[in-house]
Each structure stands twice: as structure tokens, then as C-alpha cells.
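Note that the coordinates shown come from a computational prediction; the quantities given were computed from them, not determined experimentally.
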Amino acid sequence: MASNRPIVAARATSAIAAIALSLSLAACGETAGDAPAEGETAATEPAADLDIVKVRHDNFEEIGDAFKAIRGELEKGSPDFAVIQTNAQIIDTNAQKVSGHFPEGTGPASGADTEALDSIWEKPAEFTAAHEKLTAASATMLAAANSGDAAAVGEAVKELGGSCKNCHDQFREKDD
């Protein structure tokens, strides 16, 4: 019976070479898929910035889903505070991330599929204030959830909903 050692050694050598290439590209901040094809130039920074549009959209979707889950629990005769606490934590964590999700060049003029209005970048102090209102409301929601008091959670829902509406009214495209 023939030995498989040469095949195994060749595969191991190929795997080691692939790992070495990946590590060297990673050290340069690239992956093998990032290298431009012959005749192409490397992607410019704005294209990389557009990835943040999806990240921020997904972040807001998670906040919205968690908010709906909390409201759904409050509609029950006996809310499950473990569900409320988990979702309040999601909201609080994701609310902290919002300010980093709006770099210059990711607004409507970028060509990105976004509901963000130019007012975010035109009125940075107002946007910062709206973000601070969101993070304060998310902290209140988390504290209420951890208290186990349904009435406190109900009040926190109102505060959080108000902070969301405040931001949507000023900085988000109106829904049709």
C-alpha cells in the first residue's frame, strides 16, 4: 500500500503558506479579498465608511427589536423580568455605540442607502444632545428593568420612546 505522507506534507505546507499570507496581509490591515485585481486601484476610504451604514442600521434594528420585546412583556399580565432585563441591556449597550456610527461621508450624499438626514452633520451639537438623551433614557430603562418594578419599566418605556422620537423627528427621514 502506498504511503500518503507526501500528500499530507504537501497539504500541510500549502496550509502553512496560506496562513502566513493571511497573517502578513492582516499585519498590513488587509485580507486576501481586499487586494485589488490587476489594473484596479485599492478601494478608497469612503467605500470603507459605507460599511458603517449597515452597522448603524443593524444597531438601530436591535434597539427597536429590544424595545418591542420590553413593551410586549409589559402587555402580559405577568411580565418576565429576565426578558425585560436582557433587552434593556441590549438597548443600553447599543445606545452607547450610536455616536460612533455617523462619520463624515456616510450621509445621503454618499449614495448610501440611509434614512439619516444631513442635519446630523450640519447640527453636531444637537445630534450629540439627542444621543445623550438616548443614553440617559437607556440607563433609566436598564435600572428600571433591574428593579423588577413594572410601573418603573412602564415609565422608562415612555422616556425611551420620547428620546427615540426626538431623534427621529430631527435626524431621520420621515417614513412614508
For [X] and [Y], work out which heavy atoms get closest and say how close.
X: N94; Y: I63; result: CB-CG1, 3.5 Å
X: L142; Y: D92; result: CD2-OD2, 3.7 Å
X: F171; Y: S119; result: CD2-OG, 3.3 Å

(request) Go through the steps for N87 and D65 under the test side-chain contact (heavy atoms from CB on, under 4.5 Å), then give the verdict. (result) CA-CA 8 Å; N87 285 287; D65 291 346; over 6 Å; no
Does [Y] offer a backbone N or O that forms a donor-acceptor pair with the side chain of [X] under 3.5 Å?
X: E73; Y: P79; value: no
X: S110; Y: G107; value: yes
X: H131; Y: K97; value: no
X: K133; Y: T128; value: no

Would you give me the side-chain donor-acceptor pairs under 3.5 Å for residues 154-163, sequence neighbours excluded?
{"from": "E155", "atom 1": "OE2", "to": "K158", "atom 2": "NZ", "distance (Å)": "3.3"}
{"from": "S163", "atom 1": "OG", "to": "L160", "atom 2": "O", "distance (Å)": "2.8"}

Describe, in one word, how the ring planes of F102 and F127 are oriented to each other, choosing from parallel (under 30°), tilted (30 to 60°) and perpendicular (over 60°).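 Rings of F102 and F127: perpendicular, as their planes differ by over 60°.
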Using side-chain contact (heavy atoms from CB on, under 4.5 Å), reason through L117 and R172 one step at a time and then give a plain yes or no. CA-CA 5 Å; L117 295 176; R172 183 178 176 203; 5.5 Å; no
Should we count NE2 of H57 as having more than 12 external heavy atoms under 6.0 Å?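 Check fails, neighbour count at 12 or below.
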Quick check on D113: does its CG atom have over 12 non-hydrogen neighbours (other residues, nucleotides or ligands) under 6.0 Å away?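 It does not: D113 CG has 12 such atoms or fewer within range.
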**Item:** Side chains of N59 and V98 in contact at under 4.5 Å (non-hydrogen atoms)
**Value:**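 Sidechains of V98 and N59: in contact.
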- Task: Could you give me the CA-CA distance, side-chain angles and deciding distance for H101 and V55, then say whether side-chain contact (heavy atoms from CB on, under 4.5 Å) is met?
- Result: CA-CA 7 Å; H101 288 168; V55 170; 3.7 Å; yes
